[in-house]
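Each chain gets a letter, A, B and so on, in the order the sequences are listed, and its residues count up from 1.
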2 protein chains.
Amino acid sequence: MKRGTMPTMKDVAREAGVALGTVSKVFNDIPVGESYRQRVLDAAQSLGYQVNSYARGLKAGRTGTAALILPNAYDPYFAALADNVCQALARRGYRMLLTVTGSDPDAEQQCIRMVEQNKVDGVIGLTYNPALEISPDVPFVSIDRYFGPAVPCVASDNFGGGQLAVEKLTELGCKRLAFFRIGTDVPGEPDKRLGGFQTTCQQRGIEHTTLVLNDRDGYEPFRTFLREHIQDGRPEYDGIFCNTDRLAFYVLAMLEDLGLRVPEDVQVVGFDGVRQFGNDVYYCSTIVQPVAQIAETSVDILLREDRSDLPSLICLPVAYTPGGTTRDGEHGQ
Amino acid sequence: MKRGTMPTMKDVAREAGVALGTVSKVFNDIPVGESYRQRVLDAAQSLGYQVNSYARGLKAGRTGTAALILPNAYDPYFAALADNVCQALARRGYRMLLTVTGSDPDAEQQCIRMVEQNKVDGVIGLTYNPALEISPDVPFVSIDRYFGPAVPCVASDNFGGGQLAVEKLTELGCKRLAFFRIGTDVPGEPDKRLGGFQTTCQQRGIEHTTLVLNDRDGYEPFRTFLREHIQDGRPEYDGIFCNTDRLAFYVLAMLEDLGLRVPEDVQVVGFDGVRQFGNDVYYCSTIVQPVAQIAETSVDILLREDRSDLPSLICLPVAYTPGGTTRDGEHGQ
């Protein structure tokens, strides 16, 4: 290590004889073997590495640029995030580097490396890369995925959204509810939509079931489920909560194929608040994520001068909006 | 001017005693008063300003970053462009700075200035800012708007798309065609959809009409037109070509309100090839823009080493795709 240079995580890793990822985990409070943990802490101390070095704020030599990592930019929810984050950064005089990674781990890791190379000041990431290493030196705000107490995460109140969907569907007359979910295996805040659904159904004694699938499974199991749960031409589940509007879109097509009427026979609520053509009518009745507020909050936290007390998780309020797939208005709504 | 420095457009403007915009116009072959033009050319000559200086290619000190200017990122066509340009740049080791400007002229001009400040290597812009000044020093590729022979423009074959829409609608049995358009006043390549429609209708002796509106007019005149052109419950125009899928989306809702059946009573063709949720079914039968190819070509031209013979306009082939709003299959399609 050169004299007069601040020690980096790499120096700590070399000194401790462990991988850089191990150092990152220790500083992010992610469990590693105790002997590894001790070696990292010893090395950090002997080098004078400042564990809370992320508290020193954004680097003095600012680039005026922040990066946004998204799996893609064509999904309407991601497109809305890109648009809003870009605007929120611009309001603060910052430019936005957009990285669409197709969830490629290398591309995501490389984007984070740009901060260390002083090419960007910080990163906002919506990523389900399980191996992503985020050094505490790197100003990083995660959207939707909780990495641990040292990486601020901004998300919707997904649990509350699950509760709200159950409340609305029962208010609107549904007696038996189903939760449909498709997504990644990597844990994320959106998983809590399921928890909110289950908890509320159990608390209120509402009959319910859940069908929780992985992207690999595809959509067909939902069709099979729906077909197998029709009795005398009526659906056994008269309220369906889908974990995204995209899934609701597929489920609505399946219900139509099966000759079931929406919202007369089945009511459907999605999640996200995606609109047709990005700014027109909602695809379905839905729990709306506050995308502008998510963007604004993420940027605010990313650019905060004092990084000593960043919130580890912020959940922003969601709202229910009717969109033609529920019987709003018939029950005094 | 400092010794040894290449003269810039600003130096030419100062020497000629004219605005920078005037210099830009002269070098971009945009008409200005002849006396101004002569003063600019004289100043350029006396300073040794190299009019074809854009031919010296991208600056040696590369940033590895290019900027994309879009009015917004939530419109699905723009979102698809952002996604594809980002990927095309990444394949060449380039990062993408996304600037969503809400068509704000200052933000767009500032983005172009970043090239002069060596913050980005070049700019790809989809902009309808009438006053935008693009110095020939700046590697710039325009999407959809032709600025003049010195600024390469990449677009779909919009004229061919207009022709194709007429051909398809008549093949599918339509007898009287209407062209609906809403958009900006600033001339752009998409205007040629109208030209292709008119030309083909006239060549083939097809009865037709056009309703060409500005964004300010809103969508209601289309509704009025449709209502006023129903005879005995049948539409007088049985084929409607809309200049965007977004417009087709509105027109389809109006037709439904008026009790007209699509595609039985009226067939509708849009333009763009926008899909639901960015990658699912088309909203309507449509002329599909080759968005991946537009992105790839724009990036290719932007990063070309030899800038001495850049094409001033590239029109990429479009394709017709049925999307449920035309009677494909009934006529041997």
Side-chain angles (χ1 to χ4, degrees), chain A residues 63-91 93-102 104 106-107 110-111 114 117 119-120 219 244-250 253 270 272 274-281 283 291-292, chain B residues 63-91 93-102 104 106-107 110-111 114 117 119-120 219 244-250 253 270 272 274-281 283 291-292:
Chain A
T63 63
T65 305
L68 175 67
I69 298 177
L70 290 176
N72 68 66
Y74 60 76
D75 176 282
Y77 184 67
F78 297 155
L81 264 182
D83 192 273
N84 280 278
V85 170
C86 192
Q87 288 186 57
L89 284 166
R91 277 191 289 274
Y94 268 75
R95 292 178 292 270
M96 184 181 88
L97 207 68
L98 176 63
T99 308
V100 302
T101 60
D104 172 37
D106 289 342
Q110 205 182 339
C111 185
M114 284 197 302
Q117 298 162 350
K119 287 177 182 162
V120 298
Y219 290 84
T244 62
D245 291 340
R246 183 185 289 272
L247 176 55
F249 175 75
Y250 285 94
D272 280 346
V274 165
R275 297 173 185 227
Q276 312 231 35
F277 286 94
N279 67 350
D280 209 281
V281 295
Y283 276 96
V291 62
Chain B
T63 64
T65 305
L68 175 67
I69 298 177
L70 291 176
N72 68 65
Y74 61 75
D75 176 281
Y77 184 67
F78 298 155
L81 264 182
D83 194 274
N84 280 279
V85 170
C86 191
Q87 288 186 56
L89 284 166
R91 276 192 289 274
Y94 268 74
R95 292 177 292 269
M96 184 182 87
L97 207 69
L98 177 63
T99 307
V100 302
T101 59
D104 172 36
D106 289 342
Q110 207 181 337
C111 184
M114 284 197 302
Q117 298 162 349
K119 287 176 181 162
V120 298
Y219 290 84
T244 63
D245 291 339
R246 184 186 288 274
L247 177 55
F249 176 74
Y250 285 94
D272 280 346
V274 165
R275 297 173 186 227
Q276 312 233 31
F277 287 94
N279 67 350
D280 209 282
V281 295
Y283 275 95
V291 62

How many angstroms lie between atom CG of A:N84 and atom OH of B:Y74, to the nearest 0.5 angstrom? 10.0 Å
Value for SG (A:C111) from CG (A:L70), rounded to nearest 0.5 Å, stands at 10.0 Å
Atom group of [X] that falls short of 4.5 Å from chain A, counting heavy atoms:
{"X": "B:Y77", "answer": "neither"}
{"X": "B:T65", "answer": "side chain"}
{"X": "B:D245", "answer": "both"}
{"X": "B:V274", "answer": "side chain"}
{"X": "B:Q110", "answer": "neither"}

Ring pair (Phe, Tyr, Trp, His ring centres under 6.0 Å) against A:Y250, all qualifying residues, sequence neighbours excluded: A:Y219
With B:F78, which residues qualify under ring pair (Phe, Tyr, Trp, His ring centres under 6.0 Å), at least two apart? none
Option in A:D75, A:L98, A:T99, A:N72 with maximal non-hydrogen atom pairs under 4.5 Å from chain B: A:L98
Are B:F277 and A:P76 side-chain neighbours, meaning at least one heavy-atom pair lies under 4.5 Å? yes
